Structures are given as structure tokens and as C-alpha cells.
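To start, the structure under review is shown below, and the notes come after it.
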Amino acid sequence: MSALLGCIADDFTGATDLANMLVRSGMRTVQTIGLPSVPLGPEVDAIVVALKSRTIPAAAAVQQSLAALDWLQAAGCRQFYFKYCSTFDSTATGNIGPVSEALLARLGADFAIACPAFPENGRTICRGYLFVGDVLLNESGMQQHPLTPMTDPNLVRVLQSQSRGQVGLVRYDSVQAGAAAIRARFAALKAVGVRLAIVDALSDADLYQIAEACTEHPLITAGSGVALGLPENFRRQGLLVSNPVAAALPVVDGFAAVLSGSCSRASNVQVQTWQAAGRPAFQLDPFALARGEDAVGAALAWAAPQLAAGPVLIYATSEPDAVHQVQAELGAEHAGHLIELALARVALALVEQGVRKLVVAGGETSGAVVGALRVSALQIGPQIDPGVPWTATLAAEPLLLALKSGNFGTPDFFEKALRQVASARTLA
């Protein structure tokens, strides 16, 4: 096997977001859960290694990321991509800066971009400031994120606080002048010692120009958006032929369910939309979990007689005030762990009861679910909403999984996703 692009993602839903971009542009893509433990086969153009490294200590994130890089280098990849969230969130001391600098050093490179922009999903960067829709990052709800609150929208300042080397900026006027102007700005920044540079992007057209300017870069660090232009880079070099069935997945029969652990605005709206349509939903109580009550058993007993009639939702999603109350009484880390573990147990039991199609909302929740299901690798399929594809486990009896970042998707995402797999006899 000799893939072209090797990617390292700092969470599970971010990995599927990136893989979705690559598949949309005709690259046959496999996502692995941690370092690959199964053969991936020869017909793979891109490999995305999904880690759970966004909120762990920086030293551990660096160690895991370097191990993934070593594996991808051994697989023959020609270029490498460190993928983080389009809201650039991590802990106060990392992990975007430390991981980026460690990957640069291991590759013997002296410069990389940092660009979380994803205009299709409302993430744009102007003069180094990150916008979510029409508001700055710190006014978007991300300032209330329970694990990685983002209170500063200036990405140069945020990244500099995490980095040892100098951080610079490639402004929108250079970007909109095209790939040659972007490369000239790269050269000017490198000449004054800049090692990482935030790059403005206001449209998808900007992302394609940025990607072209990075053709020769050993390492790209970004959200998923810049990946839109990478397949064309490989085509220009004669290394890639578009595959019209890159997104084809097997058809899977069985029950369907939705699990939501995210407390983001988007996930709250999605849960509310599901309930407003009169669809069955069961809320897990973190206080009951903390008291040792069998809340998981109660959820499964509620779900079992309803599965044959249609999909059910089991959720821990709550509004910010309720989240703050839980965190104040239980502690943020403990509360999060309780919910993740509970939803992972729910997922495992639902699969044992015949559920073969699962929608999972939340990066941490998705990581816990795929871990409980012992998923080692995923084939990436068709897009549901920007940044969220259906995937299939690489197994004799595959499951279909839609692993959604908490912030992504339209209000009716859950119903839309399940409608897509319910009606299709060929998922592509």
C-alpha cells in the first residue's frame, strides 16, 4: 500500500469531517481509529488516523501524533495533514501549537500553515480573526464550551500562546491574489523566522488557492476546509485519478438509533427538532449516573420495544445553564466521563439488539462509542451535511455510523441522516 495523503485528526468527528472532504473530491479514503491494526488494502488514496488528543495533556498529544506520523510515513504517504476543529479549540496550553511544532520537527520542515476556515459551514478568517457565521468565535457559544472554551477570536494570538516559534499571518488580500501571491507571503514570513502562519479564508475559492500554494509543503495544519483543494494538487502531479465511486458504501439492514452527548448549540437544536416532530427520545440524567442508578438500563428498557417501529434518540444534550449546574456539582471532567461511558454502553447494547445504523452527535461521544464497539477502521461514504458523511465499519457484517461534530449539521440533521440510509438501496 502506498497512499498519497496521511492525516492525523485530534478527534473522531473531525477525522470523518476531513475524510468526507477528500471523498467528495474523488480520493478513496479510510479512517482508522487510532493507529491502524487491520490491513487497509491497496486501493486507498488517503488515510485519516483519528486520535482522541484534543483535550489530553500536550505531551501525550505530541507522543500520539508522532506515532501516527511514523506509521503514515511507513505507509508511503507523500504529504501530511494535522486536522483540528474549525473552531480552533483546544486546551489553554495546547494542543494545536505543540503538536504542529513536533510534526514539523519530525519531518525536518521549517514552515506550515494553520487554517481552520470552513466557509461552507460558516467558519471564516479575516485579518486573523475567526468568525462563526456572522459573529466572532468568542460570541458564537464556543466561549461556553464545557471542555475547551474559546474566549479569544484572534487566532494569531491563540496559536502564539501555545507555540515556541514565531506565528505570523497571511492576510486575505494575499490569499485573494492567488496561489503565487500566497507563496510569496510564505517566503516573506519564513525570511523573518515565522514557523507557523494563520491564513485568512473567506470563501471556498480561497481554500483552493491556499491548497495549491501548499503543494510542496510536507505538513499542512488546518480544519477540513483546506483539504478540498488537495486532491487537485495530486492530479496536477499525475498521481491521482478521480474515482467516481469513492463514496460508495454497502447497504445495511437493521434498526436505527441516534445518540447525542454534545451540548453545543447545534446539537441542542437538533434534539429539540427531533422532539418537536413527535419522535421518541429519552434523556440520560447525569446525577442519576453519579448516584450509581441504572440509568443505562432504564434507557435500554425504554428503547427495546420501540426499535422495530423506527429510530429512537437517547441523549444527554442539555442547555448551557443545565450543563454548568452539572459541572459545578460533579466536576466537568467527571460529568463528561459519566456521559461518554453511559452512551458507549448504550451503543453496545443497541447493536446487540439489532441496531445497525447509528447517528452519534459529539466528538467525545463518538470516540467513546467507536471504542466500545471496537471499531478499528471506517470506509467513508456520502455526505449528509457539510463535514459529516456516513461511514461503514470494515467488518464482515458492517455497521453504518454517522459521527457528527457537536457544532455541525442542520436542525433536522438526525432525521435527514436516517432518511438517507432508509431509502437508499445503494448508498453512494
Side-chain angles (χ1 to χ4, degrees), residues 1 3 5-53 68 71-72 75 77 81 83 224 227 243 245-252 254 256-259 343-344 347-348 350-351 355-385 387-405 408-409 417-418 420-421 424 426-428:
M1 181 185 67
L5 183 65
C7 309
I8 303 162
D10 68 357
D11 82 337
F12 293 95
T13 55
T16 54
D17 174 13
L18 172 59
N20 174 62
M21 288 294 179
L22 299 172
V23 166
R24 284 172 60 187
S25 298
M27 292 188 84
R28 298 164 299 178
T29 305
V30 170
Q31 174 184 333
T32 70
I33 312 305
L35 292 183
S37 59
V38 296
L40 301 184
E43 296 184 351
V44 177
D45 301 314
I47 304 167
V48 182
V49 177
L51 302 178
K52 195 177 179 184
S53 60
W71 192 96
L72 292 166
C77 296
Y81 197 108
K83 196 276 176 190
S224 61
N243 190 322
V245 294
L249 293 182
V251 172
V252 174
V258 182
L259 304 178
L343 287 172
L348 188 59
L350 288 176
V351 169
V355 170
R356 311 302 296 173
K357 293 165 278 192
L358 268 175
V359 178
V360 186
E364 299 297 319
T365 305
S366 293
V369 166
V370 298
L373 296 175
R374 297 188 178 183
V375 176
S376 59
L378 295 166
Q379 181 184 351
I380 306 302
Q383 177 174 282
I384 305 164
D385 269 342
V388 193
W390 273 107
T391 72
T393 59
L394 297 185
E397 296 183 3
L399 301 174
L400 293 182
L401 302 176
L403 307 174
K404 185 192 81 72
S405 170
F408 281 10
L418 293 170
Q420 187 172 336
V421 292
T426 176
L427 188 57

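The structure displayed is predicted, hence computed values, not measured ones.
No donor-acceptor pair under 3.5 Å is formed between the side chain of Ser405 and the backbone N or O of Thr13. Looking at Lys83, its side chain never comes within 3.5 Å of a backbone N or O of Ala15 through a donor-acceptor pair. Side chain of Thr393 to backbone of Leu399: a donor-acceptor contact under 3.5 angstrom is found. Judged by distance alone, the side chain of Thr29 and the main-chain N or O of Ile380 form no donor-acceptor pair under 3.5 Å. In terms of modelled atom types and a separation under 3.5 Å, the side chain of Asp10 and the main chain of Ser53 share no donor-acceptor contact.
Scanning all heavy atoms of the two residues, the minimum distance from Ala227 to Tyr81 falls at N-OH, 3.3 Å. Nearest approach of Gly409 to Asp385, heavy atoms of both residues: CA-OD2, 3.5 Å. In plain terms, the two heavy atoms of Ala68 and Val49 that are nearest each other are CB-CG1, 4.1 Å. Contact record, Leu72 with Gly6: CD1-C, 3.7 Å, taken as the closest heavy-atom pair. Nearest heavy atom pair, residue Lys357 against residue Val421, reads CD-CG2, 3.7 Å. When all heavy atoms are compared, the tightest approach of Val359 to Ala417 is CG2-CB, 4.0 Å.
Atom-to-atom distance recorded for Leu403:CG and Ile33:CD1 is 7.0 Å, nearest 0.5 angstrom. The CD1 atom of Ile8 sits 11.0 Å away from atom CG of Leu18, with the distance rounded to the nearest 0.5 Å. Note: Leu373 CG to Leu348 CG = 6.0 Å, rounded to the nearest 0.5 Å. We find the NZ-CD distance between Lys52 and Glu364 to be 5.0 Å, quoted to the nearest 0.5 Å. In this structure, the separation between CG on Asp11 and CG on Asp17 is 9.0 Å, given to the nearest 0.5 Å. Rounded to the nearest 0.5 angstrom, Leu358 CG and Leu350 CG are separated by 6.5 Å.
The shortest distance between side-chain heavy atoms of Ser376 and Leu394 does not fall below 4.5 Å. The side-chain heavy atoms of Val351 and Arg356, taken from C-beta on, include a pair separated by under 4.5 Å.
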For Asn20 and Trp390: C-alpha separation, side-chain torsions, deciding distance, then whether side-chain contact (heavy atoms from CB on, under 4.5 Å) applies. CA-CA 9 Å; Asn20 174 62; Trp390 273 107; over 6 Å; no

Report the C-alpha separation of Trp71 and Ile47 in whole Å, then their side-chain angles, then the decisive distance to 0.1 Å, and conclude whether the side-chain contact (heavy atoms from CB on, under 4.5 Å) test is met. CA-CA 11 Å; Trp71 192 96; Ile47 304 167; 3.8 Å; yes

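The side-chain contact (heavy atoms from CB on, under 4.5 Å) test with Leu5 singles out one residue from Leu22, Val44, Asp45, and that residue is Leu22.
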